[in-house]
Amino acid sequence: MFAWGANSHGQLGLGYSSEQQAPQAVTDVPFREIRELRCFAAGGGHTLLGLNDGRLYGCGWNSRGQLGMGHTQDVTRFSRIGGEPGFVSLAAGWDVSAGVNEQGVLFVWGSNVWQQIAEPKVKMVLQPQKLQLPCNGRVQKVVFGLQYMAVLMESGQLWVLGKSKFLDWHYPIVGANHPTIRCVDDQGSIVDMASGENHLVLLLATNRIVCLGTNKHGQCMDAPWPIAAQDLLKLESGWTHSGFLTRSGEVRLWGRNNHGQLGRSGEASSKPLPLEIQDVMEISDISLGSEHGVGLSTSGHVYCWGWNEHSNCGTANTDSVTTPKCVELPVPISNVLCGAGYTLAFTR
């Protein structure tokens with residue numbers, strides 16, 4: 001595993017804290033091969049790893065208990081998180097976390113400042129805690145915006161908890177036990193989703209991508225984008241830019257572009273633009289951080305672009321990277337992951 005970028009809370013798992021970090025091998029990890037990893041997530045300053053055997057590990061920023069370890073001290077090496085094992089998917093927000101187990105049950109921990117995971121009287125949840133929604137059924141996916149959590153059910157129903165002013169006019173608060181929960185009930189069945197700072201990207205069962213929310217920077221597309229659900233490999237979003245990866249290896253990005261978040265120079269775009277990487281025909285994985293992105297070629301090479309204040313694009317300086325730049329790593333990579341201002345790459 002390799003890591004670079006912001007490490008002020010030890011979120012890279014290197015055993016120490018630093019403002020920025022060039023690409024480094026992370027040797028103290030709880031797995032030997034990538035196939036032992038079942039799921040992973042990166043947030044504002046913390047990282048989570050879920051293993052096939054059910055164990056959960058984390059490191060980094062922990063001021064709100066977002067590591068789920070029962071305390072609020074930062075952790076600079078990957079350490080075991082107790083509680084309910086067996087998560088099949090993980091989500092990490094700015095200072096909050098969630099996991100879904102094999103039974104489709106949702107667990108949450110971390111900050112509750114905006115009532116995004118618990119009742120108003122609870123300021124933070126220090127260990128994974130089961131969250132009951134106003135409906136029955138299995139949870140499929142969880143994502144976090146800056147002050148909210150979105151929960152997609154296997155039934156295609158979508159719930160949003162927390163501060164989400166961009167939904168106020170259209171989706172009233174429902175349920176007596178949680179004062180900030182809303183149901184997005186006018187889009188039909190939802191297949192997949194991604195979340196930005198104050199917007200949602202939804203893949204509908206009608207084979208189109210639509211956006212809801214703030215559109216100051218073009219982060220909500222000007223028109224639905226037609227795509228068959230079976231052709232979409234990954235849906236991603238940063239704070240104010242979003243994108244998707246198709247099974248044919250094509251990447252399209254839209255939204256804000258003040259730091260080159262779209263992998264090109266120029267203005268923002270509310271239309272999905274193709275990501276072009278020199279001499280690369282097909283991308284196998286992508287991830288978007290708050291204002292930067294990372295892509296993985298089928299040959300195992302890593303490319304970064306966008307905001308680079310913490311060297312999170314893997315360069316020797318902190319200048320924004322407006323066209324995808326290859327990060328020099330000694331071995332092929334199998335998966336990539338962005339935190340808010342840092343990047344992780346897992347070896348094959």
Side-chain angles (χ1 to χ4, degrees), residues 4-8 11 19-22 42-45 92-95 143-148 163-166 194-201 209-223 225 234-245 250-278 280 283 286-295 302-327 336-344:
W4 58 94
N7 190 42
S8 53
Q11 57 263 51
E19 177 57 28
Q20 60 192 52
Q21 187 67 56
W94 181 251
D95 53 5
V143 294
F144 288 101
L146 186 60
Q147 299 170 336
Y148 68 91
K163 187 177 180 181
S164 54
K165 287 186 176 180
F166 62 90
S195 63
E197 181 180 14
N198 286 300
H199 76 286
L200 287 166
V201 186
I209 296 174
V210 299
C211 298
L212 302 175
T214 303
N215 194 34
K216 182 179 180 180
H217 304 289
Q219 59 264 53
C220 287
M221 291 186 296
D222 52 9
W225 188 264
K234 202 171 187 182
L235 199 59
E236 281 283 304
S237 187
W239 278 349
T240 50
H241 73 297
S242 301
F244 61 81
L245 169 66
E250 180 188 30
V251 176
R252 286 185 177 265
L253 302 169
W254 68 95
R256 197 173 192 179
N257 198 40
N258 58 324
H259 294 292
Q261 294 97 309
L262 304 186
R264 61 179 68 207
S265 57
E267 301 296 323
S269 174
S270 58
K271 182 178 181 179
L273 301 175
L275 176 69
E276 298 178 354
I277 303 178
Q278 188 175 3
V280 175
I283 297 295
I286 63 165
S287 182
L288 299 183
S290 58
E291 296 182 288
H292 80 292
V294 59
V302 175
Y303 296 83
C304 284
W305 62 92
W307 177 59
N308 193 35
E309 183 176 332
H310 303 285
S311 295
N312 37 299
C313 288
T315 65
N317 57 49
T318 57
D319 298 333
S320 292
V321 179
T322 55
T323 56
K325 180 178 177 57
C326 188
V327 180
V336 289
L337 177 66
C338 284
Y342 65 101
T343 311
L344 306 176

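Everything numeric here is computed off the predicted structure, so don't read it as measured data. Just so it is clear, the values below take in all heavy atoms, side chains as well, and ignore hydrogens, waters and symmetry mates.
Put simply, the side chain of L288 does not reach to within 4.5 Å of the side chain of C338, judged on heavy atoms. T323 has its side chain out of reach of W305: every pair of non-hydrogen atoms, C-beta onward, lies at least 4.5 Å apart. Side-chain contact between Y148 and V143: absent, with no pair of heavy atoms (C-beta onward) separated by less than 4.5 Å. Between I209 and V201 there is a side-chain heavy-atom pair separated by less than 4.5 Å. Within the 4.5 Å cutoff, the side chain of T315 has heavy atoms near those of the V321 side chain. Taking the side chain as every heavy atom from C-beta outward, L253 and L275 approach each other to under 4.5 Å.
Rounding to the nearest 0.5 Å places OH of Y342 at 9.5 Å from CG of N7. With rounding to the nearest 0.5 Å, the separation of CG in L146 from NE2 in H199 is 12.5 Å. Rounded to the nearest 0.5 angstrom, T240 OG1 and Q219 CD are separated by 6.0 Å. Considering CG of L235 and CD1 of I286, their distance stands at 8.5 Å, rounded to 0.5 Å. The CZ atom of R252 lies 12.5 Å from the CG atom of L245; values are rounded to the nearest 0.5 Å. Between the OH atom of Y303 and the CD atom of Q278 there is a distance of 9.0 Å, given to the nearest 0.5 Å.
Among residues two or more places apart in sequence or in another chain, the side chain to side chain donor-acceptor pair (under 3.5 Å) test is passed with S287 by none.
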**Q.** side-chain contact (heavy atoms from CB on, under 4.5 Å) between C313 and W4, worked out
**A.** CA-CA 8 Å; C313 288; W4 58 94; 5.7 Å; no

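Between the side chain of N312 and the backbone N or O of W307, at least one donor-acceptor pair lies under 3.5 Å. For the pair S269 (side chain) and K271 (backbone), a donor-acceptor distance under 3.5 Å is present. Side chain of N308 to main chain of N317: a donor-acceptor pair is present (N/O by atom type, distance under 3.5 Å, no hydrogens or angles). Checking side-chain atoms of S242 against main-chain N and O of S237 turns up no donor-acceptor pair under 3.5 Å.
Open room surrounds NZ on K325; 12 or fewer heavy atoms of other groups in view lie less than 6.0 Å from it.
Among all heavy-atom pairs drawn from S195 and F144, the shortest one is OG-O, 2.6 Å. Contact detail for S311 and Q20: the closest heavy-atom pair is OG-NE2, 3.6 Å.
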For a quick test of your reading: what N or O donor-acceptor pairs under 3.5 Å do the side chains of residues 257-267 make, sequence neighbours left out?
from	atom 1	to	atom 2	distance (Å)
N257	OD1	Q261	N	3.1
N257	OD1	L262	N	2.9
N257	ND2	R264	O	3.0
N257	ND2	G266	O	3.1
N258	OD1	R256	NE	3.4
N258	OD1	Q261	NE2	2.8
H259	ND1	S320	OG	3.2
Q261	OE1	N258	N	3.1
Q261	OE1	H259	N	2.7
R264	NH2	P274	O	2.6

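Side-chain contact check for S8 and H310: no donor-acceptor pair (N or O, by modelled atom type) lies under 3.5 Å.
No option in C220, P272, S270 other than P272 meets the side-chain contact (heavy atoms from CB on, under 4.5 Å) test with W254.
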